[in-house]
Amino acid sequence: MKRLLIISLILGTAIVFTPAVQANSTSSAAFVEAEQSWRGDQRRGRGYNRRYNNRRIRTYTTTRIVRSWGRLYRETIRVTRYPNGRTRTQVIRRVRIR
């Protein structure tokens with residue numbers, strides 16, 4: 001009888017306290033994640049100035065999949081973004097996939 005009472009008491013406390021521990025761990029994980037993202041913004045430093053970065057012309061190369069006349073092509077394009085918001089795309093290479 002004593003064993004049954006002790007085992008039921010142990011299982012009861014385990015069930016009651018387990019969800020509380022899990023809830024605390026998730027909330028603390030969210031807090032740590034938010035703090036790390038804030039530190040990441042701080043670490044960007046002087047090189048991350050949005051007003052300055054938007055003043056210059058940015059050019060990058062990317063690919064896209066295009067369907068034309070029932071055929072599939074992979075295009076390599078050069079994208080140029082101007083400070084006034086205009087975007088210019090220029091096709092560099094077009095390769096037929098199917």
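Count residues from 1 along the sequence. Computation of the quantities below employed the complete heavy-atom set of this structure, encompassing side-chain atoms and omitting hydrogens, waters and symmetry-equivalent molecules.
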Side chains of Arg96 and Arg71: does their closest heavy-atom pair fall under 4.5 Å?
yes
Of Val91, Thr59, Thr89, which is the lone residue that meets side-chain contact (heavy atoms from CB on, under 4.5 Å) with Arg78?
Thr59
Would you compute the distance between atom CZ of Arg94 and atom OG1 of Thr63 and round it to the nearest 0.5 angstrom?
13.5 Å
Do Tyr82 and Arg58 have side-chain heavy atoms sitting under 4.5 Å apart?
no
One should read off an interatomic distance between Thr76 OG1 and Arg93 CZ, to the nearest 0.5 angstrom, of 5.0 Å
Would you mind reporting whether Ile77 and Val79 have side-chain heavy atoms less than 4.5 Å apart?
yes
Side-chain touch Thr61/Ile92, heavy atoms, less than 4.5 angstrom
yes
Rounded to the nearest 0.5 Å, how far does OG1 of Thr62 lie from CD of Glu75?
11.0 Å
OH (Tyr60) and CZ (Arg81) are apart, to the nearest 0.5 Å, by 3.5 Å
